[in-house]
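Proteins come first, then strands; the chains are lettered A, B, ... in the order of their sequence lines, and each starts at number 1. For the numbers below, each heavy atom of this structure counts, side chains included, while hydrogens, waters and symmetry mates do not.
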Amino acid sequence: MSQKIQSIRGMNDLLPQDADVWQHLQAIAAEVFAAYGYRELRVPVVERTDLFKRAVGEVTDVVEKEMYTFEDRGGESLSLRPELTAGIVRAGIEHGLLYNQQQRVWSSGPVFRYERPQAGRYRQFHQLDVEAFGLPGPDVDIEIIALAARLWQRLGVSGFRLQINSLGTPESRLRYRAALTDYLRSHEAALDDDSQRRLASNPLRVLDSKVPATREIVTHAPSLLDHLDAESAEHFIALRRGLDLLGIGYQVNPRLVRGLDYYTRTVFEWTTDQLGAQDAVCAGGRYDGLVAHLGGASTPGIGFAIGMERLIALMNLQQAPVPAHAPQIYFCRFGLQAETAAVALAEQLRDEWPALRLVLNAGGGKLGAQLKRADASGARFALILGDDEAAQRTVQVKSLRGEGEPVSIGWPDLLQHLAPRLGLSATVPIDITE
RNA sequence: GUGGGCGUAGCUCAGUUGGUUAGAGCUCCGGAUUGUGAUUCCGGAGGUCGUGGGUUCGAGUCCCAUCGUCCACCCCA
């Protein structure tokens with residue numbers, strides 16, 4: 001078993017029986033994004049390592065210990081993308097999309113992080129990403145949060161908790177950091193080991209510690225929101241007012257600190273209590289400094305990423321409705337003449353209804369075996385064409401789902417007969433001439 | 001990187017204090033007057049018991065290692 005060829009740890013195959021829900025998610029997401037004027041932007045899976053270091057932050061866990069980094073044959077250090085925003089910003093700058101203009105874009109695809117897999121966490125996972133550039137005001141913050149809310153509604157998933165916070169500007173954050181560090185130092189002995197370490201490297205991270213003793217201390221820590229600059233405070237109030245107006249429920253969580261360095265002002269997170277420990281399904285925020293930091297003209301930005309595996313897990317758990325992709329018709333055929341006639345008939349049906357899902361039996365087999373396959377395929381109707389039918393130029397239409405008795409239909413009438421049963425419209429009478 | 005649970009047929013699992021040719025259900029294939037599925041009956045195929053060592057007359061069962069997997073921590077979508 002250990003020598004068997006198998007997939008890389010944490011990198012999963014998507015099997016046909018699970019593909020329907022993914023296709024549905026992608027289709028609905030594309031629709032919702034388009035409904036808000038967002039257009040797709042695709043970027044490579046591999047970028048220069050340096051891009052991610054600069055965008056995500058040198059001292060973050062993602063960069064320090066989770067990136068798949070390698071040298072290409074030219075000796076250049078490349079990395080599999082651990083998130084989508086960095087590549088999108090790079091592409092935006094490179095193609096002049098972010099210079100003095102507004103852009104609304106979305107992207108999706110696999111991202112890679114070298115972590116121990118667990119429920120809702122994989123080494124290759126997939127994100128849906130939405131970004132808006134060149135829009136500094138809270139109106140667009142409200143817009144993308146509303147967009148996410150609409151996506152949940154369209155997909156038929158619920159039970160989320162939306163938490164929001166403001167990190168202010170880099171300057172106000174620095175002032176807060178000083179105040180927080182002072183406070184935490186006065187309780188340093190009581191903090192857990194991890195938090196003591198973070199006190200030096202990234203004190204804001206202590207805020208969302210899960211250790212009870214540390215949480216207790218943090219409860220009385222100075223609040224980030226009390227240290228906001230006037231403009232950020234105003235921005236945050238406008239955001240809250242906008243969400244209230246739309247009737248989108250949220251909780252202000254002053255201890256919500258996002259993991260990546262580039263966030264400024266608005267940050268938010270949609271979580272669920274239905275997926276185990278990895279509860280964040282969608283998270284994002286504003287990153288007004290990132291574009292300039294990566295070498296572009298100073299351009300505000302805001303965006304979020306959805307963990308598709310987590311959202312899919314939630315859809316499955318809540319049994320969100322997903323359109324079936326099972327065939328509508330399974331075409332059974334046997335006998336020399338009949339088999340040939342069936343091919344022509346099947347092709348004519350496909351000509352008439354391009355969206356029709358019809359499986360033509362292949363590999364022979366007795367009628368019983370073919371009907372068994374028909375049933376297993378999930379098809380609603382079986383068409384049966386044997387030598388007897390071929391001689392009479394008819395085909396038997398048989399319901400596999402208890403919708404009446406089998407009937408014999410002449411070839412020219414087949415379209416007319418099937419149309420109402422499958423909710424399709426028939427226009428041209430079928431004509432088979434051999 | 002740390003900790004815990006679990007690895008027996010394609011899938012879900014039995015397998016008693018170590019004891020003969022390792023079982024069941026589902027799936028698949030075939031059959032029940034030769035052209036009618038999903039129900040029923042009969043039959044068949046399918047397993048180096050994750051891998052490698054060790055203890056023993058004898059190991060799926062005990063011990064060690066290793067790999068895989070699941071869950072949690074760290075962190076994150």
> Check every strand shown and say whether A:E269 touches a base, only sugar-phosphate, or nothing at a heavy-atom separation below 4.0 Å.
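No contact at all - A:E269 keeps every heavy atom at 4.0 Å or more from the nucleic acid.
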
> Return the 5'-most residue of the pair A:Q118, A:E66 with respect to RNA chain B, ranking by each residue's nearest nucleotide.
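Comparing both residues, the 5'-ward one is A:Q118.
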
> For B:rU8 and B:rC70, measure between their P atoms and round to the nearest Å.
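My reading of the P atoms in B:rU8 and B:rC70 gives 14 Å.
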
> For the atom pair CG (A:D279) and CZ (A:R161), what is the distance rounded to the nearest 0.5 Å?
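Output value for this atom pair is 8.0 Å.
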
> Can you identify which nucleotide, out of B:rU36, B:rC76, B:rA38, has its nearest atom closest to the A:K372 side chain?
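Within the option list, the nearest is B:rA38.
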
> Looking for any heavy atom pair under 4.0 Å, which part of the strands does A:E389 touch: base, sugar-phosphate only, or nothing?
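The answer is base, as A:E389 lies within the cut-off (heavy atoms under 4.0 Å) of a base atom.
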
> A:W106 vs A:F33 aromatic rings, parallel, tilted or perpendicular, using cut-offs 30° and 60°?
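Geometry flag for A:F33 against A:W106: tilted rings.
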
> For a quick check of understanding: with a heavy-atom distance under 4.0 Å over all strands, which category does A:G276 fall into, base, sugar-phosphate or nothing?
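The answer is sugar-phosphate, as A:G276 gets under 4.0 Å only of primed atoms, P, OP1 or OP2.
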
> Report the base-pairing partner of B:rU56 (Watson-Crick or G-U wobble, both distances below 3.5 angstrom), or none.
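In the structure as shown, B:rU56 has no Watson-Crick or wobble partner.
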
> Separation of A:M11 atom CE from B:rG68 atom P, in whole Å?
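Between P of B:rG68 and CE of A:M11: 13 Å.
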
> To the nearest Å, give me how far apart CG (A:N361) and P (B:rU36) are.
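From A:N361 CG to B:rU36 P: 15 Å.
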
> Can you tell which of B:rC76, B:rG35, B:rG30 lies closest to the side chain of A:R205?
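Taking heavy atoms from C-beta onward, the closest nucleotide is B:rC76.
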
> Examine the base of B:rG3 for any acceptor or donor lying under 3.5 Å from a partner atom in the side chain of A:R116, and report the outcome as yes or no.
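Counting by modelled atom types and ignoring angles, a donor-acceptor contact under 3.5 Å is found here.
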
> Could you work out the separation of B:rG30 and B:rG46 based on their C1' atoms and round it to a whole Å?
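Nearest-Å result for B:rG30 against B:rG46 at atom C1': 15 Å.
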
> When rounded to the nearest Å, what value does the distance between P atoms of B:rC73 and B:rG15 take?
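That atom pair is separated by 32 Å.
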
> Atom CD of A:Q17 to atom P of B:rC26: distance rounded to whole Å?
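Computing the A:Q17:CD to B:rC26:P distance gives 20 Å.
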
> Checking contacts here: which listed nucleotide (B:rC73, B:rC70, B:rA77) is nearest the side-chain heavy atoms of A:P117?
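The answer is B:rC70.
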
> Please report, rounded to the nearest Å, how far the P atom of B:rC70 is from the CZ atom of A:R123.
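Those two atoms, CZ and P, are 11 Å apart.
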
> Rounded to the nearest Å, what distance is computed from the CG atom of residue A:L207 to the P atom of nucleotide B:rC76?
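The answer, rounded to whole Å, is 13 Å.
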
> Of all the nucleotides listed (B:rU36, B:rA77, B:rG35), which has the minimum atom distance to the side chain of A:L371?
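Side chain of A:L371 sits closest to B:rU36.
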
> When you compare B:rU34 with B:rA9, how far apart are their P atoms, in angstrom units rounded to a whole number?
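My reading of the P atoms in B:rU34 and B:rA9 gives 39 Å.
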
> Now, which nucleotide makes the Watson-Crick or G-U wobble pair with B:rU69, with each of the two distances under 3.5 Å?
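For B:rU69, the partner nucleotide comes out as B:rG5, under the 3.5 Å rule.
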
> Starting at CZ of A:R81 and ending at P of B:rC76, how long is that distance when rounded to a whole Å?
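Going from CZ in A:R81 over to P in B:rC76 covers 20 Å.
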
> Quantified in whole Å, what is the C1' atom distance between nucleotide B:rG50 and nucleotide B:rC67?
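These two C1' atoms come out 8 Å apart once rounded.
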
> Checking contacts here: which listed nucleotide (B:rG30, B:rG37, B:rG35) is nearest the side-chain heavy atoms of A:D388?
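Among the listed nucleotides, the one closest to the side chain of A:D388 is B:rG35.
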
> In this structure, how many angstroms lie between the C1' atom of B:rU34 and the CG atom of A:L367, rounded?
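Between C1' of B:rU34 and CG of A:L367: 13 Å.
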
> For A:Y114 and B:rU2, what is the distance between atoms OH and P respectively, to the nearest whole Å?
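Atom-to-atom, A:Y114 to B:rU2, this comes out as 11 Å.
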
> Measure across A:P222 and A:A179 and return the closest heavy-atom pair with its distance rounded to 0.1 Å.
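That closest heavy-atom pairing would be CG-O, 4.0 Å.
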
> If you check the A:I384 side chain, which of B:rG35, B:rG37, B:rC76 turns out closest?
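Between B:rG35, B:rG37, B:rC76, the one nearest the side chain of A:I384 would be B:rG35.
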
> Within the 4.0 Å heavy-atom criterion, would you say A:F334 contacts the bases, only the backbone, or no part of the nucleic acid?
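Touches a base.
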
> Picking from B:rU36, B:rC71, B:rC74, which would you name as closest to the side chain of A:K65?
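Looking only at side-chain atoms, A:K65 lies closest to B:rC74.
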
> Categorize A:A283 for me: base, sugar-phosphate, or nothing, with a 4.0 angstrom heavy-atom threshold over every strand shown.
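Sugar-phosphate, no base atom in range.
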
> Considering only heavy atoms and no angle criterion, is a donor-acceptor pair shorter than 3.5 Å present between the side chain of A:E115 and the base of B:rG1?
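No.
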
> Taking only the C1' atom of each, what is the distance from B:rA59 to B:rG53 in whole angstrom?
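So the two C1' atoms sit 13 Å from each other.
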
> Over all strands shown, is A:K366 touching base, sugar-phosphate only, or nothing at heavy-atom distances under 4.0 angstrom?
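Sugar-phosphate, no base atom in range.
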
> Could you check A:E403 against A:R421 for salt bridge (charged side-chain N to carboxylate O under 4.0 Å, His left out), going step by step and ending with a plain yes or no?
CA-CA 10 Å; A:E403 298 170 89; A:R421 285 167 177 72; over 6 Å; no

> Less than 3.5 Å between a donor and an acceptor, one on the side chain of A:Q370 and one on the base of B:rU36, is that the case here?
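Side chain to base: no pair present.
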
> Just N and O in the side chain of A:Q127: are any of them under 4.0 Å from OP1 or OP2 of B:rA77?
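Looking at the OP1 and OP2 atoms of B:rA77, neither is under 4.0 Å from any side-chain N or O of A:Q127.
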
> If the C1' atom of B:rG7 is compared with that of B:rG60, how far apart are they to the nearest Å?
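Roughly 12 Å separates the two C1' atoms.
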
> Using a 4.0 Å heavy-atom cut-off across all strands, classify A:Q396 as base, sugar-phosphate, or nothing.
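Base, at least one base heavy atom under 4.0 Å.
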
> With a non-hydrogen cut-off below 4.0 angstrom, is A:Y122 in contact with a base, only sugar-phosphate, or nothing?
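Answer is base: heavy atoms of A:Y122 come under 4.0 Å of a base.
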
> Do A:R123's NZ or CZ and the ring of A:Y114 fall within the cation-pi criteria of under 6.0 Å and 45°?
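Because its charged atom sits under 6.0 Å from the ring centre and within 45° of the axis, A:R123 does stack over A:Y114.
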
> Working note: A:D375 + A:R401, criterion salt bridge (charged side-chain N to carboxylate O under 4.0 Å, His left out); need CA distance, chi angles, decisive distance, verdict.
CA-CA 9 Å; A:D375 187 42; A:R401 312 291 154 207; 3.1 Å; yes

> The side chain of A:D61 lies closest to which of these nucleotides: B:rC74, B:rG35, B:rA77?
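The closest nucleotide is B:rC74.
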
> Which nucleotide, in any strand shown, forms a Watson-Crick or G-U wobble pair with B:rG23, with both distances under 3.5 Å?
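Check on B:rG23: paired to B:rC13, both distances under 3.5 Å.
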
> Strictly by Watson-Crick or wobble contacts shorter than 3.5 Å, is anything paired with B:rG47, and which nucleotide is it?
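Pairing partner: none.
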
> Under the salt bridge (charged side-chain N to carboxylate O under 4.0 Å, His left out) criterion, do A:D288 and A:R286 qualify, and how do the steps go?
CA-CA 6 Å; A:D288 290 342; A:R286 181 164 280 284; 2.9 Å; yes

> Looking only at atom P, what distance separates B:rU66 and B:rG3, rounded to whole Å?
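12 Å, rounded to whole Å.
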
> Of the listed nucleotides (B:rG35, B:rG37, B:rA77), which one gets closest to any side-chain atom of A:L400?
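Per side-chain heavy atoms of A:L400, the pick is B:rG37.
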
> Only pairs with both distances under 3.5 Å count, Watson-Crick or wobble alike; so what is the partner of B:rG37 in this structure?
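Base-paired to nothing in any strand shown.
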
> Is atom CD of A:Q319 surrounded by more than 12 heavy atoms (other residues, nucleotides or ligands) closer than 6.0 Å?
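No, because the 6.0 Å sphere around CD of A:Q319 holds 12 heavy atoms or fewer from other groups.
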
> With both distances under 3.5 Å as the test, what is the Watson-Crick or G-U wobble partner of B:rG30?
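By the stated definition (distances under 3.5 Å), B:rC42 pairs with B:rG30.
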
> Indicate whether any N or O donor in one side chain lies under 3.5 Å from an N or O acceptor in the other, for A:E131 and A:Y287.
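Present: a donor and an acceptor within the cut-off.
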
> Please state whether the base of B:rC67 and the side chain of A:R9 form at least one donor-acceptor pair under 3.5 Å?
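Result: no qualifying N/O pair found.
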
